[in-house]
Amino acid sequence: MAEITAALVRDLREKTGAGMMDCKKALVESNGDMEAAIDWLRKKGLSAAAKKSGRVAAEGLVGVASGPNVAAMVEVNAETDFVARNDAFQAFVAEVAGLALSVGDDVEALKAATYPGTTHSTQEELTRLIATIGENMSIRRAKVLRVPSGTVATYMHNAVKPGLGKIGVLVALQAENEIEALEALGRQIGMHVAATRPEALDVSAVDPSALEREKAVLREQAAGSGKKPEIVEKMIEGRIRKYYEEVVLLEQVWVHDGETRVKEVVKKAGGQLTGFARFHLGEGIEKAASDFAAEVAAAAKG
């Protein structure tokens with residue numbers, strides 16, 4: 001029997017995009033013959049994933065999972081919304097979210113981690129799912145929040161199933177007691193975050209470059225007013241406060257009453273808001289413009 005070296009396995013993986021263990025098995029089954037191994041993978045449907053890897057995947061699901069004092073959120077993308085309704089895909093997203101609780105939010109570490117209930121990696125499980133469903137998919141991002149005491153609440157907007165949907169939010173609230181009340185507050189803050197899309201937790205966390213750009217725009221606008229420089233600076237200070245009210249979570253007006261600041265709501269509850277995360281499915285992914293007529297014409301020619 002031919003020796004199945006790591007280099008041979010790697011070469012087959014690069015040619016087919018199949019998982020490492022699947023490539024090794026294919027080479028064993030074909031006695032080290034590369035072409036026969038490729039055919040073996042094709043017959044199993046495992047090499048099909050490589051052909052799909054170039055397609056834009058901007059649909060899919062956001063998934064959340066919770067544990068004591070910790071919660072995780074992941075985004076797994078697919079090409080079409082149809083896949084988001086697939087039971088196998090939903091189960092995969094839920095498993096990856098649960099896995100992140102222990103592995104953390106490094107995507108590469110998540111991919112390399114052993115998929116629950118198997119002996120192969122999460123990436124290999126995803127490759128199998130791609131081959132089965134027939135669409136490109138990817139684990140795009142993950143976030144884990146922890147608190148030493150208190151709760152990390154989760155909120156899923158328009159959930160398709162518990163913990164699965166298109167806009168997910170994590171809210172970390174630190175406190176020594178009143179955990180049940182904090183969980184309810186955390187869910188309310190999650191709803192607020194889903195609606196208002198804050199960019200920073202507090203003023204100190206605002207991106208300095210974004211702040212400087214905002215100041216530059218405001219300064220140019222105010223300069224055209226013809227007012228004295230000291231008056232212009234005061235105008236800018238007032239507008240920057242307004243800017244903070246728009247992008248900083250703790251400075252925002254509480255959507256549930258339209259009056260109170262979020263920081264006041266949290267203070268009254270006796271907790272400390274230490275972090276948040278918001279995933280909106282497909283946000284930031286450039287989607288290819290679809291020309292339906294061209295697609296129909298191409299299909300007809302085929």
Side-chain angles (χ1 to χ4, degrees), residues 61-76 93-107 109-110 113 116 141-159 161-207 244-281 283:
L61 285 171
V62 172
V64 296
S66 300
N69 299 351
V70 62
M73 181 164 59
V74 300
E75 178 181 345
V76 183
V93 177
E95 288 285 8
V96 174
L99 189 61
L101 290 173
S102 56
V103 175
D105 49 23
D106 182 276
V107 172
L110 271 175
R141 52 181 172 167
K143 185 65 178 178
V144 176
L145 293 181
R146 300 177 186 274
V147 291
S149 60
T151 186
V152 181
T154 65
Y155 172 72
M156 185 61 67
H157 185 67
N158 288 342
K161 274 188 177 180
L164 298 173
K166 295 195 175 184
I167 301 178
V169 180
L170 304 183
V171 176
L173 286 165
Q174 191 168 315
E176 298 299 328
N177 44 40
E178 301 294 337
I179 303 302
E180 287 188 12
L182 277 183
E183 287 177 349
L185 175 61
R187 177 174 170 77
Q188 285 186 308
I189 295 175
M191 294 171 68
H192 173 101
V193 170
T196 63
R197 303 175 62 178
E199 297 173 13
L201 174 63
D202 53 30
V203 170
S204 66
V206 173
D207 181 356
Y244 286 148
E245 291 170 7
E246 293 173 357
V247 303
V248 175
L249 175 55
L250 288 172
E251 301 298 325
Q252 288 180 333
V253 173
W254 189 230
V255 295
H256 299 286
D257 68 12
E259 299 177 0
T260 317
R261 302 285 178 200
V262 172
K263 60 184 176 183
E264 294 165 1
V265 173
V266 176
K267 183 178 180 180
K268 185 178 179 180
Q272 181 183 0
L273 181 54
T274 60
F276 77 95
R278 179 185 186 276
F279 283 2
H280 189 162
L281 179 70
E283 194 170 43

Do V253 and E245 have side chains that get closer than 4.5 Å, going by heavy atoms?
-> no
Measure across R141 and V107 and return the closest heavy-atom pair with its distance rounded to 0.1 Å.
-> CA-CG2, 3.7 Å
Salt bridge flag under 4.0 Å for residues K263 and E251 | yes
Of all the heavy-atom pairs spanning G270 and A175, show the shortest one and how long it is.
-> O-CB, 4.0 Å
Shortest non-hydrogen pair, A94 vs L164, comes out as N-CD2, 4.2 Å
Pick one: which of L249, V169, L170 meets side chain to side chain contact (heavy atoms under 4.5 Å, CB included) with R278?
-> V169
May I have the step-by-step check of side chain to side chain contact (heavy atoms under 4.5 Å, CB included) for W254 and I189, ending in yes or no?
-> CA-CA 9 Å; W254 189 230; I189 295 175; 3.7 Å; yes
Starting at CG of L145, measure out to OG1 of T154 and round the result to the nearest 0.5 Å.
-> 11.0 Å
For R197, does the CZ atom have more than 12 heavy-atom neighbours from other residues, nucleotides or ligands under 6.0 Å away?
-> no
On a heavy-atom basis, the closest approach of A153 and R187 is CB-N, 3.9 Å
For side chain to side chain contact (heavy atoms under 4.5 Å, CB included), just list the numbers for H157 and H280, CA-CA rounded to whole Å, side-chain angles, deciding distance to a tenth of an Å, and then say yes or no.
-> CA-CA 10 Å; H157 185 67; H280 189 162; over 6 Å; no
E264 and side chain to side chain contact (heavy atoms under 4.5 Å, CB included): which partner among V262, T260, V266?
-> T260
Assess whether side chain to side chain contact (heavy atoms under 4.5 Å, CB included) is satisfied between V144 and L101, documenting all intermediate values.
-> CA-CA 7 Å; V144 176; L101 290 173; 5.5 Å; no
Donor-acceptor pair between Q174 and T274 side chains, under 3.5 angstrom = no
Mind listing the closest non-hydrogen atom pair of A172 and V147 along with its distance?
-> CB-CG1, 3.8 Å
E199 vs V206, side chain to side chain contact (heavy atoms under 4.5 Å, CB included): CA-CA, chis, key distance, verdict | CA-CA 7 Å; E199 297 173 13; V206 173; over 6 Å; no
OH of Y155 to CE of M73, rounded to nearest 0.5 Å, is 13.0 Å
Approximate separation, where rounding is to 0.5 Å, of S102 OG and L110 CG = 8.5 Å
Indicate yes or no for a side-chain donor-acceptor contact from R146 to the backbone of V70 under 3.5 Å, with no hydrogens or angles considered.
-> no
Nearest heavy-atom pair of A71 and V152: which atoms, and what distance?
-> CB-CG1, 3.4 Å
Would you kindly say whether Q252 and H192 are connected by a side-chain donor-acceptor distance under 3.5 Å?
-> yes
Does some side-chain heavy atom of L281 sit less than 4.5 Å from a side-chain heavy atom of L61?
-> no
